[in-house]
Amino acid sequence: MTKQIWLNLPVKDVAKSKTFFSKIGFSFNEQHDTPSSTCMLVGDGNFVVMLFEESLFTSFSQNKLTDTQSSSEILISIDAESKEEVDALAEKIELAGGNLFSRPAENQGWMYGCGFADLDGHRWNVLYMDFSKMPK
């Protein structure tokens, strides 16, 4: 069936978004850069997140954009290898201009994470999960 899946996100300013995500450690496939879009790579498997200028995004989706200041359409979760990695990423996010809406903390006794909103208000979740402590 499918060979790959991409996540597409609308952004107000592609260059500013690329700078933000670069500062917090994401990489980009420069071959797919245009003034109105960029191809961000996430994780070891190079999961693709396409960042599209808002008007280009709406031309594809043929739908209105969600107001990310008052509602969420998606929560994007990424894993971390340790609590220290969560803390380091949270610090980078704040320094790069992101908004931590949930500071790093333990959750349910086996997860440690934080939540942040990027420059366009899209919400992300960073989690370290210690499966040895997961309730059975």
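Since the structure is predicted, the reported quantities are computational estimates derived from the model, not experimental observations.
Other members of the cluster containing Leu65 are Trp6, Leu41, Val48, Met50, Phe52, Leu56, Phe57, Phe60, with ILVMFWY side chains joined at under 4.5 Å, either directly or via other members.
Within the structure, no pair that satisfies the ring-ring contact (aromatic ring centres under 6.0 Å, His included) test touches residues 68-93, not counting sequence neighbours. The list of side-chain hydrogen bond (donor to acceptor under 3.5 Å, both in side chains) pairs with a residue in residues 40-53, not counting sequence neighbours, reads Glu53-Ser55. Sorted by first and then second residue, the salt bridge (Lys or Arg N to Asp or Glu O under 4.0 Å) pairs with a member in residues 70-83 read Lys83-Glu106; sequence neighbours excluded. Pairs passing the ring-ring contact (aromatic ring centres under 6.0 Å, His included) check and including a residue from residues 73-105, sequence neighbours excluded, do not occur.
Both Ile5 and Leu51 belong to a common hydrophobic cluster when Ile, Leu, Val, Met, Phe, Trp and Tyr are linked at side-chain heavy-atom distances under 4.5 angstrom. Using a 4.5 Å cut-off between side-chain heavy atoms of Ile, Leu, Val, Met, Phe, Trp and Tyr, with links allowed through other members, Val42 and Leu7 fall into the same hydrophobic cluster.
The side-chain contact (heavy atoms from CB on, under 4.5 Å) test applied to Gln62 returns no partner, not counting sequence neighbours. Applying the side-chain contact (heavy atoms from CB on, under 4.5 Å) rule to Ser22 yields the partners Lys18, Phe28; only residues at least two apart in sequence or on another chain are considered. By the side-chain hydrogen bond (donor to acceptor under 3.5 Å, both in side chains) test, Ser70 is found to be paired with Asp67, residues two or more places apart in sequence or in another chain being considered. Partners of Thr19 by side-chain contact (heavy atoms from CB on, under 4.5 Å), not counting sequence neighbours, listed by chain and number: Lys23. Applying the side-chain contact (heavy atoms from CB on, under 4.5 Å) test to Glu94 and every residue at least two apart in sequence or in another chain returns Leu100, Arg103.
Separating the OG1 atom in Thr66 from the CD1 atom in Ile74 is a distance of 10.0 Å, to the nearest 0.5 Å.
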Compile the donor-acceptor pairs under 3.5 Å between side chains in residues 110-119 and protein atoms, sequence neighbours left out, one pair per line.
| residue | atom | partner | partner atom | Å |
| --- | --- | --- | --- | --- |
| Tyr112 | OH | Asp87 | OD1 | 2.6 |
| Tyr112 | OH | Asp87 | OD2 | 3.4 |
| Asp118 | OD1 | Asp120 | N | 2.9 |
| Asp118 | OD1 | Gly121 | N | 3.1 |
| Asp118 | OD1 | His122 | N | 3.0 |
| Asp118 | OD2 | Trp124 | NE1 | 3.1 |

Considering only distance and modelled atom types, tabulate donor-acceptor pairs under 3.5 Å from the side chains of residues 128-136, sequence neighbours left out.
| residue | atom | partner | partner atom | Å |
| --- | --- | --- | --- | --- |
| Asp130 | OD1 | Ser132 | N | 3.2 |
| Asp130 | OD1 | Ser132 | OG | 2.5 |

